[in-house]
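Reviewing the structure listed below.
So you know, we letter chains A, B, ... as the sequences are listed, proteins then strands, and number each from 1.
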2 protein chains.
Amino acid sequence: MRDASHPAAHSSLGALLRDAYEWVSERVYGRLAGQGFPEIRRAHGGVLRHIRPEGSRLTELAQAAGMAKQSMAYLVEDLARLGHVETLPDPEDGRARRVRLTAKGRGLMETMLGLSREAEAELAAAIGAREAAGLRRALEKLAALR
Amino acid sequence: MRDASHPAAHSSLGALLRDAYEWVSERVYGRLAGQGFPEIRRAHGGVLRHIRPEGSRLTELAQAAGMAKQSMAYLVEDLARLGHVETLPDPEDGRARRVRLTAKGRGLMETMLGLSREAEAELAAAIGAREAAGLRRALEKLAALR
DNA sequence: TGCCATTCGTCAGTTTGTCTGACGAAAAGG
DNA sequence: CCTTTTCGTCAGACAAACTGACGAATGGCA
C-alpha cells in the first residue's frame, strides 16, 4: 500500500465494491478446494444460485443470471460433467431441458452457504458487527430496487 | 424477480456485492460512451487508477492491480493504441518502460471521476444518504485492513 | 386444422481478460 | 567480471462471455 495517510478516502465506490467482492470471493471459492470441491470456479456460482428445487430451464437460468443462453449452456455443461447438476427433458415442452441439482450438487450448495456465512462472520470481526450489518442492509436495499 | 415476499434476505454477501458492483459499473462504463469514450472497458479502469503522475512502471502497475505483468502489458498496449497513455523508456533503468497518462487520458480520468460521483449520488438517492454513507464507510474500513 | 411466428437449445466462430513458461536484455551486487 | 535478479516480451493456453444462424417444437390464430 503506497499511501497510508488518507487510506481509501478517494477510492471510487466501484473500486471499493469490487475489492470487497474479491475479499469475500477469495474466502468462499478459495476454501471450496479444501472442502472437497476443487473444480468449482466463480462463474459456477451464478448458475447454481438460480436453480430451483424442481429444476429450471436453461433459458430461465440465463435470464436470471443476466447472460446469453449460450453462455449458460457452457457453464451448465461444465457442472453436469462434474456431477453437480443433471439435465432432463422437460415433460411439458419438447424443446426444453430441465436443469436440476444432483445430491452432490446439493452438498456443494450447503458447503458454499456455510463458507459464505463464515466469510460474513469474518467480515464482521474485521470491521465490526455494526458496520457489517449496515453493509448488508444497504446492499439488500439496493438489490430490492432492481 | 420471482420471490418478492422476502426480497434479498437470503442472498449471499458475495452475490449482493457483485450485484452492487454491477449496478455502479453500468452507470460509469455505460455512460462513458455517451461522454466521448466509447472504447473504454471495465478492465481499463484497473490500469488507469494506479498510474502515478510521473508515470509508473509496468511491473509496478501489475502488482498494484494484482495481476500478471503480461496481463497488464496487454491492457496498457490497448490504452496506448487508444491514445490514453504513452510509454517512454525509463531514464533510470534500461529494461523498464514508464507508463504515463496523455492529455486525452487525463480527460478520461476526470470524466470517470465525475461519473463515479454521479453514480454514488444516485445510489444515495435510491437507498438513502444514511445507508449510502454507511456502505462507503464499511467498504473503506475493509479496504484499510488489506 | 393447418400455417406461421415465436421460443428452446445448439453449432460455429469471435472477443476479452486472464494465466504460465521460456526467454533476452539490462541492472545490481558481490 | 561474473552471477543472480529483475524487466518486459513472445508464445500459447484457457475461461467466460458475446453474436449470428439454425433445426426442432410449441402455440396462437385464421
Side-chain angles (χ1 to χ4, degrees), chain A residues 14-15 18 21-22 25-26 29-30 32-33 38-51 55-82 85-100, chain B residues 14 18-19 21-22 25-26 29-30 32-33 37-51 55-82 84-100:
Chain A
R18 168 172 244 181
Y21 169 66
E22 193 60 33
S25 287
E26 267 168 24
Y29 290 91
L32 220 39
E39 305 191 304
I40 300 303
R41 302 186 299 276
R42 281 174 206 202
H44 294 139
V47 184
L48 296 166
R49 185 174 1 268
H50 299 105
I51 300 175
S56 302
R57 288 190 183 175
L58 189 61
T59 301
E60 183 189 351
L61 289 176
Q63 232 165 8
M67 61 172 65
K69 53 191 177 173
Q70 294 94 327
S71 310
M72 182 53 74
Y74 156 79
L75 293 170
V76 164
E77 195 199 334
D78 220 47
L79 284 169
R81 189 178 45 78
L82 296 169
V85 304
E86 56 192 350
T87 59
L88 314 156
D90 188 318
E92 297 168 26
D93 192 333
R95 298 165 298 178
R97 282 164 65 198
R98 197 58 74 95
V99 181
R100 219 170 46 177
Chain B
R18 169 174 242 177
D19 286 354
Y21 168 66
E22 194 59 33
S25 288
E26 267 168 25
Y29 290 92
L32 220 40
F37 303 101
E39 306 190 303
I40 300 302
R41 302 186 299 277
R42 281 172 207 203
H44 293 140
V47 184
L48 296 167
R49 186 177 355 272
H50 298 106
I51 299 176
S56 302
R57 288 190 182 175
L58 189 60
T59 301
E60 182 189 354
L61 289 176
Q63 232 166 8
M67 62 173 64
K69 52 192 178 174
Q70 294 95 327
S71 310
M72 182 53 73
Y74 159 79
L75 292 170
V76 164
E77 194 199 335
D78 221 45
L79 284 170
R81 191 178 44 78
L82 296 169
H84 295 291
V85 304
E86 57 191 351
T87 59
L88 314 155
D90 188 317
E92 299 167 26
D93 190 333
R95 297 164 299 178
R97 281 165 65 201
R98 198 60 74 95
V99 181
R100 219 172 44 178

- Message: Judged by each residue's nearest nucleotide on DNA chain C, which is more toward the 5′ side, Gln70(B) or Leu75(B)?
- Response: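 With Leu75(B) and Gln70(B) compared, the 5'-side residue is Leu75(B).
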
- Item | Shortest non-hydrogen separation from Ile51(B) to Arg100(B) and the atoms involved |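 Taking Ile51(B) first and Arg100(B) second, the nearest heavy atoms are CG2-CA, 4.3 Å.
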
- Message: Minimum heavy-atom separation for Arg42(B) and Tyr21(B), please, with both atom names.
- Response: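 Where Arg42(B) meets Tyr21(B) most closely, the heavy atoms are CD-OH, 4.3 Å.
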
- Message: Do Met72(A) and Val99(A) make a side-chain contact, defined as non-hydrogen atoms from C-beta onward lying under 4.5 Å apart?
- Response: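 Contact flag for Met72(A)/Val99(A) side chains = no.
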
- Message: Is there a side-chain contact between Asp93(B) and Arg57(B) in this structure, where contact means two heavy atoms from C-beta onward sitting under 4.5 Å apart?
- Response: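 The answer is yes, as the side chains (C-beta and beyond) meet within the 4.5 Å cut-off.
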
Rounded to the nearest angstrom, tell me the gap between atom [atom1] in [X] and atom [atom2] in [N].
{"X": "Met67(B)", "N": "dT20(C)", "atom1": "CE", "atom2": "C1'", "answer": "15 Å"}
{"X": "Arg42(A)", "N": "dA15(D)", "atom1": "CZ", "atom2": "C1'", "answer": "13 Å"}
{"X": "Tyr29(B)", "N": "dA17(D)", "atom1": "OH", "atom2": "P", "answer": "18 Å"}
{"X": "Tyr74(B)", "N": "dT20(C)", "atom1": "OH", "atom2": "P", "answer": "17 Å"}
{"X": "Leu58(B)", "N": "dT18(C)", "atom1": "CG", "atom2": "P", "answer": "14 Å"}
{"X": "Asp93(B)", "N": "dG8(D)", "atom1": "CG", "atom2": "C1'", "answer": "10 Å"}
{"X": "Ile40(B)", "N": "dT16(C)", "atom1": "CD1", "atom2": "C1'", "answer": "14 Å"}
{"X": "Glu60(A)", "N": "dG9(C)", "atom1": "CD", "atom2": "C1'", "answer": "14 Å"}

To the side chain of [X], which of [options] is closest?
{"X": "Arg97(A)", "options": "dC19(C), dT9(D), dG9(C)", "result": "dG9(C)"}
{"X": "Thr59(A)", "options": "dG9(C), dC7(D), dT16(C)", "result": "dG9(C)"}
{"X": "Ala68(A)", "options": "dC18(D), dG17(C), dT9(D)", "result": "dC18(D)"}
{"X": "Arg95(A)", "options": "dT9(D), dC19(C), dT7(C)", "result": "dT7(C)"}
{"X": "Ala73(A)", "options": "dT10(C), dA16(D), dC7(D)", "result": "dT10(C)"}

- Task: Check whether more than 12 heavy atoms from other residues, nucleotides or ligands sit under 6.0 Å from atom CD of Glu26(B), and answer yes or no.
- Result: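 Enclosed: over 12 neighbouring heavy atoms sit under 6.0 Å from CD of Glu26(B).
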
- Base, sugar-phosphate, or nothing: which does Ser71(B) touch, judged by heavy atoms less than 4.0 Å apart?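 Touches a base.
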
- Between Met72(A) and Lys69(A), which is nearer to the 5' end of DNA chain D once each is assigned its nearest nucleotide?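 Final value for this comparison: Met72(A).
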
- Message: Is there a side-chain contact between Arg41(A) and the phosphate of dA16(D), meaning an N or O under 4.0 Å from OP1 or OP2?
- Response: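 Checking Arg41(A) against dA16(D): at least one side-chain N or O falls below 4.0 Å of OP1 or OP2.
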
